[in-house]
Amino acid sequence: MKNNHDLLHIGTKLLNWYYQNARDLPFRKTKDPYKIWICEIVFQQTRILQGLNHYNRFVERFPDVKTLAEASEDEVLLYWKGLGYYSRAINIHKAAKQIISDYNGIFPSQYEEILKLKGIGKYTAAAVSSICFKGKMPAVDGNFYRVLSRIFADDFDVSSSRAFAYFSELSYRIMPNNVGDFNQAMMDLGSEICKPRNPLCGDCPLNEDCIAFSLQKTSQFPVKTKKIKSENLNLQYFFVHREEQFLIQQRKDDFIWKKLFEFPTAIPEVLQQFSKGCKTFQHKLTHKNLSIDIYDVEVTSNEIWDHFVSEHDYLVTDLESSVNRSFPKPLENYIQNLLKD
DNA sequence: AAAGCGGGGAG
DNA sequence: CTCCCAGCTTT
């Protein structure tokens, strides 16, 4: 069994590898806590390649806390369009207002204060405080679970609610003094070398220290018992349009697609005569298999259209200006297809 | 302690 | 097809 001195050497090796192999990412060039915060939220449960454009566009439009806090929630959601987990955008906006009101517009530097911001949990608070303010907390994420469970061949269930505390404790054994770089090094190692499947152990700076590798059992770690189950769900939408205009409404902030815009989900009998047909789309979410029926309702009567619009609180928009609103992916695809014609 | 929340990419 | 990704909030 290795003693504590040997284990600390692992962190040093990891840092040296990181200084030679760090990924060239836009947010690596700054220690602005605002930018680091935004990037941490964008990349929660999101691959770098998937979120990079969203991150760049977001910080270009909202370069600081004040700009973000003064923007409308709908515009923040627009810049989140297509990224998923939309409560992240809503919480980012709330936290920006929180920083203005509670911290005089200055991003807090202490872990405990950062943790109070909406949408920031233990991982993000540790990441921002260590990268920007020399904080000493490990930013334990999925990469930490995977790398540490392999190094120590530890079968602790990463789907357990105690996994964060457990692997946080484990990380202190190898964590060097430069925690900010260590946290980012663990992310890069987990992403580039110690990948979920087919890890590149031959290129790993820690392969001499990795128990799972020495046992040829890297594929058995990390242990995750909880399986994802998804249910089937039918949705019904009505694309109610006349000439270039169509109707939309905004979703609530519960259930899926929080605060995003959508087509009407029901129409009165007087409009049913205009229904020209229906297309069905399959769309997969992490916990749901959606089957979405979209009815094409072309209202040809000016009188009925005007009356219906005035009697309901639907928003009237058109294909051109709808690009300035955030729609769920399947509805976005539907609109994009119409734009191509 | 457990469930719920998007979308995309890899194998 | 299944699994996973720079996790957090709510119940």
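It should be emphasised that the depicted structure is a prediction, and the values quoted were computed from it without experimental measurement. Order of the sequence lines sets the chain letters (A, B, ...), proteins ahead of strands, with each chain counted from 1.
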### Message
Using a heavy-atom cut-off of 4.0 Å across all strands, would you classify A:Phe255 as base, sugar-phosphate, or nothing?
### Response
sugar-phosphate
Per nearest nucleotide of DNA chain B, the residue lying toward the 5' end, A:Gln44 or A:Ser160, is A:Ser160
Identify all pairs in which a protein N or O lies below 3.5 Å from an N or O of nucleotides 9-11 of chain B, and state each distance.
| unit_1 | atom_1 | unit_2 | atom_2 | d |
| --- | --- | --- | --- | --- |
| B:dA10 | N3 | A:Arg197 | NH2 | 3.3 |

Closest of B:dA1, C:dG7, B:dG7 to the A:Arg162 side chain is B:dA1
Q.
Any heavy-atom pair between the side chains of A:Tyr334 and A:Gln336 that's under 4.5 Å?
A. no
Contacts of A:Pro330 and A:Ser161 projected onto DNA chain B by closest heavy atom; the upstream (5') one is A:Ser161
For a quick test of reading the model: is some side-chain N or O of A:Lys226 closer than 4.0 Å to OP1 or OP2 of B:dA2? no
For a quick check of understanding: with a heavy-atom distance under 4.0 Å over all strands, which category does A:Asn143 fall into, base, sugar-phosphate or nothing? sugar-phosphate
Between CD1 of A:Ile228 and P of B:dA3 the distance, given in whole Å, is 12 Å
Check your understanding: Say you pick atom C1' in B:dG9 and the same atom in C:dC8; how far apart are they, in whole Å?
Key -> 23 Å
### Under 3.5 Å donor-acceptor pair, A:Thr46 side-chain atoms to B:dG6 base atoms
yes
Does B:dG4 have OP1 or OP2 under 4.0 Å away from a side-chain N or O of A:Tyr85? no
message: Is A:Trp257 close enough to B:dG7 that one of its side-chain N or O atoms is under 4.0 Å from OP1 or OP2 there?
response: yes
Self-check item: P atoms of C:dA6 and B:dG4, separation to the nearest Å
Solution: 24 Å
A:Glu231 atom CD is separated from B:dA3 atom C1', nearest whole Å, by 11 Å
**Message:** If the threshold is 4.0 Å, N to carboxylate O, is there a salt bridge linking A:Glu113 and A:Lys116?
**Reply:** yes
From the candidates C:dT10, C:dC4, B:dG6, the one with an atom nearest any side-chain atom of A:Lys118 is C:dT10
Considering only heavy side-chain atoms of A:Lys284, the closest of B:dG7, C:dT2, C:dA6 is C:dT2
Practice problem: Return yes if a side-chain donor-acceptor contact under 3.5 Å exists between A:Asp253 and A:Tyr86, otherwise no. | Solution: no
Considering only heavy side-chain atoms of A:Asn91, the closest of C:dT9, B:dG7, C:dC4 is C:dT9
| message | Can you tell me how the ring of A:Phe167 sits relative to the ring of A:Tyr145, calling it parallel under 30°, perpendicular over 60° and tilted otherwise? | response | tilted
Answer with yes or no whether A:Thr124 presents, from its side chain, a donor or acceptor under 3.5 Å of a partner atom in the base of C:dG7.
no
Here the distance between atom C1' of B:dG7 and atom CG of A:Leu290, to the nearest Å, is 12 Å
A:Ile92 vs A:Leu68 side-chain heavy atoms within contact, under 4.5 Å: yes
Note to self: So does A:Asp318 get a backbone contact from the side chain of A:Glu244, meaning a donor-acceptor N/O pair under 3.5 Å?
What the structure shows: no
*Checking all strands, does A:His283 fall into the base, sugar-phosphate, or nothing category for heavy-atom contacts under 4.0 angstrom?*
sugar-phosphate
A:Tyr145 atom OH is separated from C:dC5 atom P, nearest whole Å, by 10 Å
A:Gln45 CD to B:dG8 C1', in whole Å, measures 13 Å
Among C:dA6, B:dG6, B:dC5, the one nearest any side-chain atom of A:Lys258 is B:dC5
dist A:Asp74:CG -> A:Ser326:OG (nearest 0.5 Å) comes out at 9.0 Å
Discussion item. Say we look at B:dG6 and C:dT11: how far apart would their P atoms be, to the nearest angstrom?
Written reply: 15 Å
CZ (A:Phe156) and CD (A:Glu169) are apart, to the nearest 0.5 Å, by 11.5 Å
With the side chain defined as heavy atoms from C-beta on, A:Lys329 is closest, among C:dC5, C:dA6, B:dG7, to B:dG7
Picking from B:dA1, C:dC5, B:dG7, the nucleotide nearest the side-chain atoms of A:Arg146 would be C:dC5
Rounded to whole Å, the CD1-C1' distance (A:Ile41 to C:dT9) equals 12 Å
From NE2 of A:His287 across to P of C:dT2 the rounded distance in Å is 14 Å
TODO: In plain terms, say whether A:Lys259 and A:Glu73 are close enough for a salt bridge, that is, a side-chain N and a carboxylate O under 4.0 Å apart.
DONE: yes
Between CG of A:Leu83 and C1' of C:dG7 the distance, given in whole Å, is 14 Å
Worksheet item: Can you list the steps and then say if A:Phe107 with A:Tyr103 is a ring pair (Phe, Tyr, Trp, His ring centres under 6.0 Å)?
Response: CA-CA 7 Å; A:Phe107 201 99; A:Tyr103 301 97; 8.5 Å; no
Checklist entry - Base, sugar-phosphate, or nothing: which does A:Gly190 touch, judged by heavy atoms less than 4.0 Å apart? => result nothing
By nearest-nucleotide position on DNA chain C, the 5'-leaning member of A:Met187 and A:Ile120 is A:Met187
- Item | Atom C1', compared across B:dC5 and C:dC5: separation rounded to whole Å | 14 Å
